[in-house]
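Step one of this worksheet: look at the structure below.
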Protein chains: 2
Amino acid sequence: MQKNAPKAKDVEIRLDAQLCFAIYGAAHAFNRTYKPLLEPLGLTYPQYLVMLALWEEDGHTVKVLGEKLGLDSGTLSPLLKRLEQSGLVARQRDPQDERQVVITLTEKGAGLKAQADEVYAAIGQAIGCSVEEAVAVRDSIIALKERLNKAGE
Amino acid sequence: MQKNAPKAKDVEIRLDAQLCFAIYGAAHAFNRTYKPLLEPLGLTYPQYLVMLALWEEDGHTVKVLGEKLGLDSGTLSPLLKRLEQSGLVARQRDPQDERQVVITLTEKGAGLKAQADEVYAAIGQAIGCSVEEAVAVRDSIIALKERLNKAGE
DNA sequence: CGTAATTAGATTGTGCGCAATTGAATTGCG
DNA sequence: CGCAATTCAATTGCGCACAATCTAATTACG
């Protein structure tokens, strides 16, 4: 593990930096890949992630959506309003606890899933790797993320 | 490629979605981890990435920085202006080709590297994995990114 | 030369992403 | 009951990120 070569520290530094660059760039690459595919659906990438969460299970509160996606209300509130304006979701206060806003899919929003499913195929092609490989990458990234989250309390 | 099992497609869909979520979340996790560490230096995370590139090699043009980081001038121009206002870099037109703007570190900017090096140690701890593991993650993420970039022409 | 095409940056407009603040609703505790 | 603390969402302000557009400088070509 320890090296005597004079450049050992530089190598580690570069590795950290390269890991940053890699994640940073990969996130943008995903964004750029999705963008043209989502444009016909009238969705941005973060909006698509919200819709994915709703297609999986409808009726989440803003808070739960925020926890799923790691976003706070400052990001979600305007985003959800745009989805509402697009007629894809409805926002209504929970009568039991009026602090909470429940997000539900409209018929149009639910119907969009069919088109969205076609996006998967294109993305799957773009990713262009085996299921096993994708699982491995996913798991190592999740592990990395968990460690980062834990390190920040 | 075609399957008869009813849930096979759902599994693939989830995998794609999970990979998206993972990358998306990991990028934010990095951002959140760096933010408090960079705040004493007066840098944001993207600004830090620009400084990393300059510490590695000073005197890049805006174009080269954009290629290294995958950012366009619409993002870099205001970012570099803020770094200039902070007194960390200087922007000057290349006399040979006045279309180009060369970014150089000021003394203050170069001096910041010492403090930034301490950030590495903290990040290294936060990442909390072996060099081999980090290399493996980095490489698989880079490979994924390359495929995405290639898929989008 | 001189005009067209190319290249480099800057600007504009939209949409995240997050910290900090605000305000309304609910809960807890005496 | 009554008041303080808590919870949830919305708002505000700042900084990316990118497409589209614009301006200025350089290069290519006749």
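Proteins get letters first, then strands, A, B, ... in listed order; numbering begins at 1 in each.
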Can you tell me if B:Gln47 touches the phosphate of D:dC16, counting only side-chain N or O atoms and a distance under 4.0 Å to OP1 or OP2? yes
Rounded to whole angstroms, how far apart are CD on B:Gln100 and C1' on D:dT27? 13 Å
Upstream residue (5' side of DNA chain C) when A:Gly70 and A:Gln96 are each assigned their closest nucleotide: A:Gly70
Look through every strand shown and name the nucleotide pairing with C:dA24 as Watson-Crick or G-U wobble, where both distances are under 3.5 Å. D:dT7
In numerical order, the residues of residues 75-88 of chain A whose heavy atoms come under 4.0 Å of DNA chain D are A:Ser77, A:Lys81
Please check if atom CD in A:Gln92 has more than 12 non-hydrogen atoms from other residues, nucleotides or ligands closer than 6.0 Å. yes
For A:Phe30 and D:dC18, what is the distance between atoms CZ and C1' respectively, to the nearest whole Å? 19 Å
Beyond-backbone contact of B:Val101 with B:Thr61, side-chain heavy atoms, under 4.5 angstrom: no
For A:Ile103 and D:dC8, give me the distance from atom CD1 to atom C1', rounded to whole Å. 12 Å
Is the shortest side-chain N/O distance from A:Tyr24 to OP1 or OP2 of D:dA17 below 4.0 Å? yes
Sequence neighbours excluded and cut-off under 3.5 Å, please list the side-chain donor-acceptor pairs for residues 38-54 of chain A, or say none.
{"residue": "A:Thr44", "atom": "OG1", "partner": "A:Gln47", "partner atom": "N", "Å": "3.3"}
{"residue": "A:Gln47", "atom": "OE1", "partner": "A:Thr44", "partner atom": "N", "Å": "3.1"}

Any side-chain to backbone donor/acceptor pair from B:Ser86 onto B:Arg82? Under 3.5 Å, distance only. yes
Looking only at atom types and distance, does a side-chain atom of B:Ser140 sit under 3.5 Å from a main-chain N or O of B:Val137, one as donor and one as acceptor? yes
Compare all side-chain heavy atoms of A:Arg138 with those of A:Ile142 and state whether any distance is below 4.5 angstrom. yes
Would B:Arg91 and B:Glu84 count as a salt bridge (Lys or Arg N to Asp or Glu O under 4.0 Å) if you check the C-alpha gap in whole Å, the side-chain angles of each, and the deciding distance to 0.1 Å? CA-CA 7 Å; B:Arg91 298 161 57 241; B:Glu84 188 184 30; 2.9 Å; yes
Contact class for B:Glu39 (heavy atom, under 4.0 Å): base, sugar-phosphate, or nothing? nothing
Would you mind classifying the nucleic acid contact of A:Asp97 as base, sugar-phosphate or nothing, using non-hydrogen atoms under 4.0 angstrom? sugar-phosphate
Starting at atom CG of B:Asn31, determine the distance to atom C1' of D:dC14, rounded to an integer number of angstrom. 14 Å
Note: chain A reaches DNA chain C at heavy-atom distances under 4.0 Å over the stretch, first to last nt, 5' to 3', of C:dG15 to C:dT26
Given that A:Thr44 and B:Val101 both sit by DNA chain C, which one's nearest nucleotide is further toward the 5' end? B:Val101
A:Arg93 vs D:dA9: side-chain N/O to OP1/OP2 distance below 4.0 Å: no
Supply the atom-to-atom distance B:Leu65 CG to B:Leu80 CG, rounded to the nearest 0.5 angstrom. 6.5 Å
Take atom OH of B:Tyr48 and atom C1' of D:dG15, then tell me their distance rounded to the nearest Å. 19 Å
According to the interplanar angle, ranging from 0 to 90°, do the rings of B:Tyr34 and B:Phe30 count as parallel (below 30°), tilted (30 to 60°) or perpendicular (above 60°)? parallel
Comparing nearest nucleotides in DNA chain D, the 5'-proximal residue of the pair A:Gly74, B:Asp72 is A:Gly74
What integer distance in Å separates B:His28:NE2 from D:dA17:P? 10 Å
